[in-house]
Amino acid sequence: RVNVPVTSGRFTIEDPGIGVVTGRFEAPDQAAGEATIRYDADESGGLSNFVIHDRTALCDLGTVAWVAESG
């Protein structure tokens, strides 16, 4: 669970070591946005369940669109 402020129906969740999730509420029960996942060991990314042998390595999964609906 993440508590994040919503301003004018929009929100951003950012972790310099993992990436950014942005979104907007399109209806009271629907949201959509983009997620950019880029694990950076130098930025102390929160993915701690594996060993990083090369501290300069990056894992860049790019940006993907997402949609969500409650109910």
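- Residues satisfying the side chain to side chain donor-acceptor pair (under 3.5 Å) test with Arg24, not counting sequence neighbours, are Glu26.
- Pairs passing the ring pair (Phe, Tyr, Trp, His ring centres under 6.0 Å) check and including a residue from residues 9-34, sequence neighbours excluded, read Phe11-Phe25.
- Trp66 and Ile13 fall within the same hydrophobic cluster, defined by Ile, Leu, Val, Met, Phe, Trp and Tyr side-chain heavy atoms under 4.5 Å apart, directly or through other members.
- Qualifying side chain to side chain donor-acceptor pair (under 3.5 Å) partners for Thr63, counting only residues two or more places apart in sequence or in other chains: Thr36.
- A search for side chain to side chain contact (heavy atoms under 4.5 Å, CB included) contacts involving Ala65 returns nothing, not counting sequence neighbours.
- Pairs passing the side chain to side chain donor-acceptor pair (under 3.5 Å) check and including a residue from residues 4-14, sequence neighbours excluded, do not occur.
- Leu61 belongs to a hydrophobic cluster with Ile37, counting contacts under 4.5 Å between side-chain heavy atoms of Ile, Leu, Val, Met, Phe, Trp and Tyr, direct or through other members.
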